[in-house]
Amino acid sequence: MQQPLWTPTAARIGATRMDAFRRFVNQRHGLELADYPALHAWSVSEREAFWQAIAEVFNVRFDQAPRAVLEEGPAMPSAHWFPGATLNFAEHLLRRRDDHPAIVAIGEDGSREQLSYAQLATHVAGLQRSLRAAGVGIGDRVAAFMPNTWQTLVGMLATASLGATWSSCSPDFGTQGVIDRFGQIEPKVLIACAGYRYAGKNLDLTDKLNEILTHLPTLQQLVVVPYANTGCQAEDFKTQAQVACWEDFYQAQGEPTFTSVPFAHPLYILYSSGTTGVPKCIVHGVGGTLLQHVKELGLHSDVTAEDTLFYYTTCGWMMWNWLVSGLALGATLVLYDGSPFHPEPTRLIDLIDAEDISVFGTSAKFIAALEKSGAKPRETHELHRLKAILSTGSPLAHESFDYVYRDIKADVCLSSISGGTDIVSCFALGNPVSPVYRGEIQCKGLGMDVQVWDDAGKAVVGEKGELVCARHFTSMPVGFWNDADGEKFRSAYFETFPGVWAHGDYAEQTPTGGLIIHGRSDAVLNPGGVRIGTAEIYRQVEKVEQVLESIAIGQEWDGDVRVVLFVRVRDGVTLDEALQKQICQVIRANTTPRHVPARIVAVADIPRTISGKIVELAVRNVVHGKPVKNTDALANPEALELFRNLPQLQQ
């Protein structure tokens with residue numbers, strides 16, 4: 001068995017919230033759970049006692065008491081967690097009301113704004129009153145087209161305080177990407193920035209926002225945050241809705257009130273990557289999100305009220321929703337908006353020292369890029385409070401584990417974490433009481449019956465298979481928006497193994513109890529750790545007249561994944577440099593820069609099933625020299641040979 005890269009000392013283990021929780025459970029239930037594996041086994045076998053303990057330890061207060069912890073049927077999805085209970089999400093994030101810093105918001109341009117917990121509450125109170133006056137109430141949707149600023153967080157808290165539902169996209173989303181998302185949920189209020197900054201540039205969003213507004217006919221109120229476009233005026237924006245600038249819309253004063261809602265009431269709407277059409281709108285409930293997040297932040301990340309928590313994220317990624325729950329623990333959140341590499345590769349590392357960050361979250365891609373830049377923070381930075389580094393978005397490379405302990409900090413808990421938008425949380429993540437092994441995620445999450453199954457539905461260890469969660473968990477989505485009978489929801493997660501959540505990750509359980517994620521088991525692209533649906537690319541390529549059809553895959557390349565686009569062009573058309581540039585421009589303008597393919601290759605035919613569906617997975621396997629299963633299902637299996645050993649993909 002390999003040796004760990006890091007092992008916590010007995011003193012450090014004893015000081016963690018995870019170990020304190022183990023001792024609490026032992027005392028409460030008369031048990032002798034000796035270590036994390038024993039605690040995890042208990043948390044799965046005794047889920048009701050476990051989630052009740054989480055609610056108690058983290059002081060989750062119900063305005064109306066539940067009649068039970070769990071009512072469930074024999075198979076997923078059939079759970080009702082804490083039935084009858086009512087609570088408010090924002091109230092739990094705003095319990096602290098002193099002068100302790102709640103938010104430190106830092107811009108790429110060096111701007112810095114700080115709000116204490118007391119100040120944050122007054123902003124939420126003011127915005128809450130104005131949203132209520134605009135007609136926002138229980139079940140209404142408030143959407144944000146915003147960068148990662150304190151205004152975005154205030155917007156979410158004010159929305160949740162009223163029992164309304166929050167949804168957000170970041171400003172680097174293309175016009176169609178935003179319309180595909182917000183157009184489905186029909187927000188009553190949109191909070192949007194007029195401009196944003198990235199990589200040293202100020203980007204005016206006026207035209208993009210006006211185009212989005214034409215597709216939101218039910219919008220009643222637009223609130224514009226000038227941000228990087230300080231010269232904007234309310235009259236610049238064309239909509240039938242009322243328009244107001246942020247500073248004119250509300251006054252920060254008073255105390256917020258909190259509307260109590262049922263445990264499973266919609267809190268967030270997040271979005272799938274849009275692989276097979278427009279993105280699915282994934283609805284997450286108030287209570288399940290809160291319980292899961294305090295567990296993951298408080299126990300697995302060891303966040304306390306004295307910690308300073310940072311995660312590099314945009315408001316279009318579920319890690320933003322995860323990060324802001326740190327307020328429920330009384331921690332200080334550092335929000336950063338802009339490029340992580342501007343003006344130099346160590347920009348975020350500088351933040352660790354400047355803001356005394358103790359828990360630092362980023363992506364696997366960032367850590368790899370930092371190493372390639374030649375940075376050695378151990379030699380150039382203090383990092384004295386840094387106790388944990390969290391990494392997600394894609395599997396963390398073995399070499400990146402080595403780099404962290406060699407060149408960043410030797411005494412740090414390096415936690416690769418994995419879950420997703422689907423559960424707004426993690427299946428596998430860090431553990432401050434356990435060793436860190438090279439290339440492995442430390443553990444399965446408490447209360448999560450995570451297993452790796454082979455094709456026959458048998459649990460395996462040391463073999464690759466499908467990641468499943470075999471029993472109900474609190475942060476399972478409430479459902480999909482506009483999916484009244486739940487058919488789309490059940491199809492997405494419960495068809496592979498009936499009655500069991502199949503996540504779509506190709507994974508492996510290790511003998512140490514850790515997990516290795518080998519990538520997505522479906523066709524979702526994952527360049528730089530950002531999940532991209534192929535349909536989002538196809539919808540844009542279709543706009544290019546010279547292209548008849550296309551297929552996109554993720555090619556493993558240089559320790560990451562790059563997007564490769566294959567196109568079948570019209571007769572007489574050549575895929576020259578000008579056409580490639582045109583395709584890239586269309587994709588970039590309507591999605592994000594991450595959707596732009598690294599390679600575009602012309603092919604004479606594209607393989608498809610007998611029913612007419614193109615087969616990304618089969619093409620991806622051919623490109624990687626892997627066998628293709630079930631070619632009998634293809635209408636034109638000979639087309640697969642067009643993708644084998646292409647010289648354009650060897651460089």
Side-chain angles (χ1 to χ4, degrees), residues 93 96 100-117 120 146-153 156 170 198 293-294 296-298 300-342 344-367 369-370 375 377-378 380-393 396 400 404 408-409 412-417 425-426 429-430 432 529:
L93 272 61
R96 190 167 188 172
H100 189 79
I103 304 171
V104 178
I106 296 169
E108 183 187 271
D109 62 348
S111 60
R112 184 184 187 278
E113 297 175 275
Q114 181 170 312
L115 292 178
S116 68
Y117 270 90
L120 177 60
M146 284 288 291
N148 187 16
T149 68
W150 67 265
Q151 291 94 337
T152 313
L153 184 43
M156 183 279 286
S170 58
Y198 196 84
H293 284 184
V294 294
E296 293 186 345
L297 287 157
H300 287 277
S301 307
D302 201 34
V303 173
T304 72
E306 301 308 312
D307 279 304
T308 300
L309 173 65
F310 170 86
Y311 218 104
Y312 180 74
T313 181
T314 70
C315 300
W317 191 23
M318 54 106 357
M319 291 311 300
W320 182 86
N321 307 78
W322 191 86
L323 165 68
V324 300
S325 289
L327 294 174
L329 303 172
T332 299
L333 307 185
V334 175
L335 310 179
Y336 178 77
D337 179 63
S339 167
F341 298 111
H342 184 82
E344 60 266 326
T346 57
R347 181 71 179 93
L348 299 186
I349 305 300
D350 296 343
L351 278 186
I352 299 176
D353 280 356
E355 301 298 337
D356 277 341
I357 291 168
S358 52
V359 180
F360 176 86
T362 185
S363 66
K365 176 76 171 176
F366 172 84
I367 294 174
L370 193 66
R378 181 177 59 83
T380 56
H381 292 70
E382 295 290 333
L383 311 179
H384 71 280
R385 282 195 77 207
L386 184 64
K387 66 179 183 180
I389 295 176
L390 315 181
S391 170
T392 193
L396 188 62
S400 292
V404 167
I408 298 182
K409 191 171 184 178
V412 69
C413 184
L414 174 59
S415 300
S416 180
I417 66 179
S425 58
C426 304
L429 66 170

- Task: List the steps, then state whether side chain to side chain contact (heavy atoms under 4.5 Å, CB included) holds for Leu370 with Ile408.
- Result: CA-CA 10 Å; Leu370 193 66; Ile408 298 182; 4.3 Å; yes
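- Here the closest heavy-atom approach between residue Ile357 and residue Val359 is recorded as CG2-O, 3.4 Å.
- Across His381 and Asp350, no two heavy atoms sit closer than the pair NE2-OD1, 2.7 Å.
- Paired with Ile103 under the rule side-chain contact (heavy atoms from CB on, under 4.5 Å), one option of Leu120, Thr332, Val334 passes, and it is Leu120.
- Between the side chains of Thr308 and Asp356, no donor-acceptor pair is found at a separation under 3.5 Å.
- Rounded to the nearest 0.5 angstrom, Glu355 CD and Ile106 CD1 are separated by 4.0 Å.
- We find the CG-OG1 distance between Asp307 and Thr304 to be 4.0 Å, quoted to the nearest 0.5 Å.
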- Message: Using the rule given for side chain to side chain contact (heavy atoms under 4.5 Å, CB included), can you reason through Leu383 versus Val412, listing the C-alpha separation, both sets of side-chain angles and the distance that settles it, and then say yes or no?
- Response: CA-CA 10 Å; Leu383 311 179; Val412 69; over 6 Å; no
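- Counting non-hydrogen atoms of neighbouring residues, nucleotides and ligands closer than 6.0 angstrom, the CD atom of Glu382 reaches no more than 12 such neighbours.
- Looking only at side-chain heavy atoms (C-beta outward), Phe360 and Leu348 come within less than 4.5 Å of each other.
- Here CD1 of Ile389 is found 6.5 Å from CD1 of Ile367. Values are rounded to the nearest 0.5 Å.
- The aromatic rings of Trp322 and Tyr311 stand perpendicular to each other, their planes meeting at an angle above 60°, with 30° marking the opposite boundary.
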- Query: Between Asn148 and Thr314, is a side chain to side chain contact (heavy atoms under 4.5 Å, CB included) present by the stated rule, with each step listed?
  - Reply: CA-CA 6 Å; Asn148 187 16; Thr314 70; 6.0 Å; no
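- No side-chain donor-acceptor contact under 3.5 Å links Thr346 and Glu344.
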- Message: Before you tell me yes or no, could you show the steps for Met319 and Ile417 under side chain to side chain contact (heavy atoms under 4.5 Å, CB included), namely the whole-Å CA-CA distance, both residues' side-chain angles and the distance that decides it to 0.1 Å?
- Response: CA-CA 11 Å; Met319 291 311 300; Ile417 66 179; 4.0 Å; yes
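- Atom CG of Leu323 is separated from atom CH2 of Trp317 by 11.0 Å, given to the nearest 0.5 angstrom.
- Checked by atom type and distance alone, the side chain of Arg347 never pairs as donor or acceptor with a backbone atom of Gly338 at under 3.5 Å.
- Asp302 approaches Pro432 most closely through the heavy-atom pair CB-CG, 4.0 Å.
- The minimum heavy-atom distance between Phe341 and Ala369, with the atom names listed, is CZ-CB, 3.5 Å.
- Under the 3.5 Å distance criterion, with hydrogens and angles disregarded, no donor-acceptor pair is assigned to the side chains of His293 and Ser425.
- Counting heavy atoms from C-beta on, the side chains of Leu153 and Leu115 never come closer than 4.5 Å.
- Looking at heavy atoms from C-beta onward, Val404 lies out of side-chain contact with Leu396 at the 4.5 angstrom threshold.
- Once rounded to the nearest 0.5 Å, the distance linking SG of Cys413 with NZ of Lys387 reads 10.0 Å.
- Nearest heavy atom pair, residue Ser391 against residue Ser363, reads OG-C, 3.7 Å.
- Contact record, Leu351 with Tyr336: CD1-CD1, 3.9 Å, taken as the closest heavy-atom pair.
- Side chain of Ser339 to backbone of Tyr198: no donor-acceptor contact under 3.5 angstrom is found.
- Although no hydrogens or angles enter the test, the distance criterion places a donor-acceptor pair under 3.5 Å between the side chain of Asp109 and the main chain of Ser111.
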- Message: For a side-chain hydrogen bond (donor to acceptor under 3.5 Å, both in side chains) check, start with the C-alpha distance between Gln151 and Thr149, then their side-chain angles and the critical distance, and finish with the verdict.
- Response: CA-CA 5 Å; Gln151 291 94 337; Thr149 68; 3.0 Å; yes
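- Between atom CG of residue Leu390 and atom CG of residue Leu309 there is a gap of 7.5 Å, rounded to the nearest 0.5 Å.
- In this structure, the side chains of Met156 and Leu93 come closer than 4.5 Å at one or more pairs of heavy atoms.
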